[in-house]
Amino acid sequence: MWNQYKDEQQNIEVPNSLKEDTLQKMNTMTVKKKKVFFQWQVITTVCAFVIVSVIGYQWVVPSADPYTTFVDGKTIEEVTIAEGKLVFKKSESNDRYFAETRDATKTKVTKEQFEMEAQVTLPDISFPGFTSDAKAWYIDTMDVLGAKEGTALYAFVHDKQKINMTITTEDKTVKTNSTIEGKDIAVFYQEVLSKTTYVVLLSYNSLSYQITMQGVNQEQFIRYVINFINLL
Amino acid sequence: MFFRKDKYPDAISLSNEEAIDHFSDTVYKVALNLVKNEADAQDIFQEVFIRFVKREGTYDSMEHAKAWFIRVTINCCNSFFTKNQRQSTAELLVDISYEDKSQHEITYLVQALDEKYRVVIHLYYYEQYAIKEIAALLEENENTIKTRLARAKKELKIKWEAREHVESI
């Protein structure tokens with residue numbers, strides 16, 4: 001009897017149309033699932049990119065008005081020089097002058113340009129052995145200040161006998177103490193732009209000086225700044 | 001996934017075509033045996049294979065895959081019964097019809113049994129599962145399966161003898 005049952009069951013066949021129809025539905029579902037999976041991958045990647053971009057932008061890009069912090073929230077008047085390459089800025093409160101490049105190439109400012117526009121007298125400093133690039137000093141980029149606002153902007157100081165000078169590098173902080181006789185100088189800001197490019201912002205007699213040098217090492221830059229201060 | 005492959009080095013993954021090739025017969029016959037209606041059996045057949053696509057997993061072996069298909073088929077049939085409120089009874093014999101009834105004598109008799117007996121008979125005599133395996137598939141006690149099998153055989157024997165008696169007359 002059971003062999004007969006087995007035979008009978010074996011005679012029952014699954015309709016081919018059912019198999020084909022089912023297989024078609026299965027394949028359609030598989031394709032849809034792959035599409036959905038791919039879409040999720042795309043969405044996830046885009047979201048990750050946006051998140052990383054937003055975080056990266058906030059971390060890298062300077063805040064809107066770096067001067068605000070520096071001049072205690074006071075407004076700044078813009079004065080544009082003839083070539084249009086630089087904008088000199090003066091705070092309303094204490095007549096400090098700043099210069100800012102309009103492009104990222106750090107266009108040089110000659111002493112004459114600065115004297116003419118900012119109406120301050122800068123010492124003529126040169127060092128034997130420096131390259132021409134290294135010797136060229138210029139007032140530059142307040143946007144550097146903005147780039148590190150909140151972390152690198154610190155007014156610190158000084159007394160009449162000594163300047164504490166801190167050069168912050170990418171991987172370490174080097175402190176250098178220099179004694180400057182009789183100068184009431186504040187170092188507002190120092191930054192290492194690269195291993196051969198340095199910037200420092202000084203204040204003396206209500207005037208501010210920002211010095212940026214390229215093609216020098218840290219020691220040369222410090223010596224230059226100290227000599228600069230000595231000449232003020 | 002990797003963990004499972006490490007645990008079961010022979011783990012297999014079936015394509016849609018392979019699944020249909022290997023298990024369409026089993027699924028269809030279990031479904032037909034339970035719901036006793038070709039149209040419903042076909043619906044259940046499709047439902048089972050759609051669940052297979054959704055599952056996306058690997059199987060430890062072909063036997064494991066087959067057991068999975070049977071288990072899912074039974075589940076789908078149970079859902080079907082619940083949904084349609086039509087637990088199978090003997091009088092539903094008319095639901096299924098074959099072109100040549102003489103070729104399906106025993107099948108008709110089996111399908112006149114209660115659903116819980118039908119599935120045991122089918123798995124035991126056609127799919128050749130052991131009582132222990134059927135108990136695992138149906139999530140029942142082995143003794144329960146033995147009892148159902150014995151009762152089903154007894155009932156079938158009575159029906160078979162009655163049929164022979166009628167024919168002799």
Side-chain angles (χ1 to χ4, degrees), chain A residues 1-61 147 150-151 169-172 194-195, chain B residues 14-21 23-33 38-39 41-56 96 98-111 118 121-128 152-153 156-157 159-161 163-164:
Chain A
M1 186 168 84
W2 301 117
N3 285 336
Q4 188 180 334
Y5 175 69
K6 206 171 172 182
D7 291 341
E8 288 175 11
Q9 286 293 308
Q10 277 169 348
N11 288 334
I12 300 171
E13 287 185 357
V14 185
N16 280 332
S17 58
L18 176 64
K19 283 188 192 176
E20 288 163 8
D21 188 37
T22 306
L23 187 58
Q24 195 178 357
K25 284 183 181 173
M26 291 165 78
N27 289 338
T28 307
M29 270 191 74
T30 306
V31 171
K32 276 184 185 171
K33 281 177 75 175
K34 281 180 182 171
K35 273 186 184 173
V36 170
F37 178 72
F38 177 73
Q39 284 168 349
W40 270 109
Q41 271 192 324
V42 171
I43 290 168
T44 308
T45 307
V46 169
C47 287
F49 179 76
V50 169
I51 289 167
V52 169
S53 301
V54 169
I55 292 171
Y57 181 84
Q58 288 178 343
W59 187 65
V60 171
V61 176
T151 55
T169 64
E170 288 177 356
D171 56 351
K172 61 183 180 179
S194 73
K195 287 182 180 177
Chain B
L14 294 168
S15 68
N16 294 343
E17 289 77 7
E18 287 171 332
I20 290 279
D21 284 347
F23 303 114
S24 61
D25 190 66
T26 300
V27 170
Y28 184 70
K29 285 171 187 173
V30 170
L32 190 62
N33 194 277
E38 285 185 18
Q42 291 183 7
D43 287 345
I44 287 165
F45 179 91
Q46 294 203 333
E47 174 63 24
V48 170
F49 282 96
I50 283 169
R51 287 193 190 188
F52 162 78
V53 175
K54 287 179 181 171
R55 183 178 182 267
E56 268 194 336
I96 192 164
Y98 298 102
E99 287 180 9
D100 185 357
K101 289 194 177 182
S102 65
Q103 295 294 312
H104 297 89
E105 283 178 310
I106 310 295
T107 301
Y108 271 100
L109 290 177
V110 168
Q111 289 188 340
R118 289 202 305 275
I121 290 286
H122 184 79
L123 293 177
Y124 188 78
Y125 286 108
Y126 181 67
E127 296 293 347
Q128 306 274 297
K153 285 160 75 174
L156 276 172
K157 191 179 177 186
K159 288 177 187 294
W160 178 257
E161 286 170 356
R163 172 193 151 281
E164 283 183 333

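Convention: sequence-line order gives letters A, B, ...; per-chain numbering from 1. These values consider heavy atoms only, across backbone and side chains, with no hydrogens, waters or symmetry-generated copies. These numbers were taken from a predicted model, which means no experiment stands behind them.
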(request) Look at B/Tyr125, B/Tyr124, B/Tyr28, B/Tyr126 and state which one has the largest set of heavy-atom pairs under 4.5 Å with chain A. (result) B/Tyr125
(message) Less than 4.5 Å to any heavy atom of chain A: does that hold for the side chain of B/Ile50, its backbone, both, or neither?
(response) both
(request) Tell me, for B/Gln128 versus chain A, whether the close heavy atoms (under 4.5 Å) come from the side chain, the backbone, both or neither. (result) side chain
(request) For the residue pair B/Phe52 and B/Leu14, establish whether any side-chain heavy-atom pair is separated by less than 4.5 Å. (result) yes
(message) Given heavy-atom pairs under 4.5 angstrom as the criterion, report whether the side chain, backbone, both or neither of B/Val27 touches chain A.
(response) neither
(message) With a 4.5 Å cut-off on side-chain heavy atoms, are A/Val50 and A/Val46 touching?
(response) yes
(request) Would you mind checking which part of B/Asp21 comes under 4.5 Å of any heavy atom in chain A, side chain (CB onward), backbone (N, CA, C, O), both or neither? (result) neither
(request) Side chain from CB out, backbone as N, CA, C, O: work out which of these in A/Lys19 comes under 4.5 Å of a heavy atom of chain B, or both, or neither. (result) both
(request) Measure the shortest side-chain to side-chain distance between B/Gln42 and A/Thr22 over non-hydrogen atoms and say whether it is less than 4.5 angstrom. (result) no
(message) Tell me if a side-chain donor or acceptor on B/Lys29 pairs with a main-chain N or O of A/Gln9 at a distance below 3.5 Å.
(response) yes
(message) A side-chain contact here means heavy atoms from C-beta on lying under 4.5 Å apart; do A/Asp21 and B/Gln46 qualify?
(response) yes
